[in-house]
Amino acid sequence: MLLIFLKRVLAAIPVLIIVASLTFFLVRLAPGGPFDSDRAVSDEVLINLQEAYNLNAPLSEQYFDYMSGVIVGDFGPSFRYPGRGVSEMIFTGLPVTLELALYSILIAVLVGIFSGVLAALKRNTMLDFIPMAIAMIGICVPTFLMGPLLVLIFGINLEVLPVSGWGNLPGDKLLPSITLGFAYAAYIARLSRGGMLEILGQDFIRTARAKGLSERVVVTKHAMQGGLIPVVSFLGPAVAGLLAGSFVVETIFQIPGLGRFYVEAAFNRDYTMILGTTIFFSSMIVFFNLLSDMAVMFLNPRARD
Amino acid sequence: MNKTSFSLLFLLVFLTSCGNNVSPVDSGLENQIFHFGNGSEPQGLDPHIVTGVPEHHILIALCEGLTSSNPKGGAALPGMAESWSISDDGKTYTFNINKDARWSNGDKVTADDFVWSWNRVLTPSLGSQYTDMLYYVEGAKDFYDGNIDDFSQVGVKAINDNTLEVVLNNPTPFFLGLLSHYSTWPVHKDTVLKHGTIDDRNGQWTRPGNFVCNGPMQLKSWELNNKIVVEKNPFYWDAQTVKLNEIHFYPVTNIMTEDRMFRAGQLHSTYTVPAQKCPVYIEEENPNLSITPYMGTYFYRTNTLNPVLKDAKVRKALAYSINREQIVKKVSQCGQLPAFSFTPPGANGYEPETEIPYDLDLARELLAEAGFPNGEGFPVLEILFNTSEDHRKIALAVQQMWQSALGINVELVNMDWKVYLSRESSGDFQISRAGWIGDYEDPNTFLDLMMPDRGNNKTGWANLEYAELVNKANQTLDQDERYALFRQAEKILIDELPIIPIYTYVRPIQLSPDVKGWDSNYLDHHHPKYIYLERD
């Protein structure tokens, strides 16, 4: 296991270098620069600005300067926000995004597995149809609709929860977590139902039942271990997706997370910020995929080969 | 975890979180805390580096220049300078610095602070984007361009601690108005130098705890992308006028979120109103809707270097076939005014005398004269705009008007903001959407834009007679004479139409009726020292 882990970590390094290099050159190919604005600055001001960020140097020099900075963990200054370093901004937004992801994934896992397993056990009854119908809605309704809808009901009509913010007002973390978690809960519900149905039909479950084990033990001890493997493999990319894809929810609920920096950096042509966040999110995706693969290997001996 | 315990836990979290029912707006009213929707996260708080409106909203609370904006518009009011005199030739300004003026750390504000600050703005390696604001000062441009190294040769001098003398290249009648722009405001020398050098863009002096400035409020906290809190500055020279204890600025980029925040009592004022909601609010006579005049023009640039558009007749035909009344009534729908001049009428008493008729026959005639009877042979015309539903709607209306009136083929091209900007400045467009907001209340802030060598002209239009008139106006001291020259220049502009004005902006926001002292003015500058909260 440890060897596989180390191998995978080593394999991730070239991936990240390629991602960083491609991004470095692609952002510079995109039309428009960081200092274009509707109030065009004069040429002499532009030259001075570019000088301040070493943008007048040959591209290869800029590239090596940047990459040697990245190796020691320095992502450079933000072009859009003078006085802020990219690393500083990532680490300001990260805890918020992580917290949001944590609550969302908790909601997703608890609600998703519970309703998925229940639906599998009570197959073709109302307890199967209703949660699965809701899950279908959860998959189909995008967060940018779900969020405002929840806000309208709980924030504006019932006036029980704040409509936006993160840690500013009591209860303001609830709606964003539910909005983001619900979409994933829906997937998890369907995955766990499918996984459980497959396992519940297998011989070893029949054997367990024949031994006279209680249904609770059969389900929790024997069926769930195998039945939830699809969910576990889904969780890795899901967490990575939650981190990188929380942009919509962060915007709807005015949450100071990392997702907003990521998307706004691209619009602003904030080169260093685009690179910094891309490298960071790539590492996250690689890391969480690795983590979920390791968990699957742990649960399923066949995957270890 | 079984179903019951999960539901219980959920309910518990839900209920504990709903204990507090007093909205921020109500508690703000009690404590004089103003909750302010501020559009987007400011680039920073260094007045010499940042550009933009959200930045201005915060800086006007934190810092102050020699003069301060008049809340009712018009002539500037005393700021750091309690009085000033202007020499007979209009070129030398002598400012008497208020002896009570203090920085937020208690230090005295001196004339030297201004000399050092302007030196900083004009230091090329700082990369300030508003250096042209100071180019009116003698020697300023030469210093920036490196033609002179010694800043003492620039026309700004501290005669003593309380007297600042500024010598200009030309009599510049709007100079006092320029001084209400934050790029001319002073910064605290010792603080800046403690956290960096004079030309350090990334100095840490603007952080809470470090920040020192001279405005009615001081920086209390700054949570990136969450909120900025400023509190009353006890050292402010006019502190007794300031009634607010705190202002909380929220960088809400999503305008629908901002609308919901206002409706849920989280904001006293919003940055804007979603375009689709504006007509609804107008119709239901929403008492929170505030629409005030704004010194800005929405217009289309034409590329006068284009083989077809270089003919003024074609440009006129295009301009005369736009029904502006229809656009503001049916498309923009938020109280905008049809524009028949480039300079918004009424800017500091200036009334342009231009007309742009809506005359389809005349338009068709002009197009025929240009060699395209009934639009025959006219190449496909592209309207370039940055991706936005609002711009698309206007472009669709104009497309429809041109196609049906002139028989020409019009295509819409929308681009990401930066791509749009780069195409516009490289001249890679035919017609492009644009907007311009005045920096100071004077027609020059608009008419200067269309001078031949200006980077923001972007149309390729260069008219020497026009340039001469604008230059002459800016050397004329008499206001009436000066405005007459501007009117002549504007006539040339509207006769040639390198730009096609569409409407004059307004500033639609949602504003709680509890906010008092919020006067409307053309530049939309709201000095926090006059604002307070009181139950309506």
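Every value quoted in this text rests on a predicted model; they were computed, and no experiment measured them.
Side-chain N/O atoms of B/Glu424 and B/Ser432 include a donor and acceptor closer than 3.5 Å.
In summary, the aromatic rings of B/Tyr298 and B/His391 are positioned with their centroids under 6.0 Å apart. Residues A/Tyr262 and A/Phe247 place their aromatic rings such that the two centres sit no closer than 6.0 Å. Checked against the 6.0 Å centroid threshold, B/His248 and B/Phe36 do not count as a close aromatic pair.
Per-residue heavy-atom pair counts under 4.5 Å with chain B were compared for A/Val96, A/Val151, A/Asn168, and the maximum is reached by A/Asn168. The most heavy-atom pairs under 4.5 Å with chain B, out of A/Gly33, A/Gly167, A/Gly155, A/Gly83, come from A/Gly83. For the options B/Gly435, B/Pro124, B/Gly265, heavy-atom pairs under 4.5 Å to chain A are most numerous at B/Pro124.
With a threshold of 4.5 angstrom between heavy atoms, A/Asp43 does not approach chain B through any atom at all. Only the side chain of A/Ile156 comes within contact range of chain B, with at least one heavy atom under 4.5 Å from a heavy atom of that chain. Interface residue A/Thr251: backbone and side-chain heavy atoms are both found under 4.5 Å from chain B. For a residue to count as touching a neighbouring chain, one of its non-hydrogen atoms must lie under 4.5 Å from one of that chain's; by this rule A/Glu264 touches chain B with the side chain only. Of the two parts of B/Trp205, neither the backbone nor the side chain holds a non-hydrogen atom closer than 4.5 Å to a non-hydrogen atom of chain A. Of the two parts of B/Pro42, only the backbone, made up of N, CA, C and O, holds a non-hydrogen atom closer than 4.5 Å to a non-hydrogen atom of chain A. Heavy-atom distances place the side chain of A/Arg260, and not its backbone, under 4.5 Å from chain B.
Of residues 448-455 of chain B, those residues lying under 4.5 Å from chain A by any heavy-atom pair are B/Gly455.
In this structure, A/Tyr53 and A/Phe79 have tilted ring planes: the angle between them lies in the 30° to 60° band.
Under a cutoff of 6.0 Å and an axis angle of 45°, B/Lys227 and B/Tyr250 do not form a cation-pi pair.
For CZ of A/Phe267, the number of neighbouring non-hydrogen atoms (other residues, nucleotides, ligands) closer than 6.0 Å is 12 at most. B/Tyr135 OH: more than 12 foreign heavy atoms inside a 6.0 Å radius.
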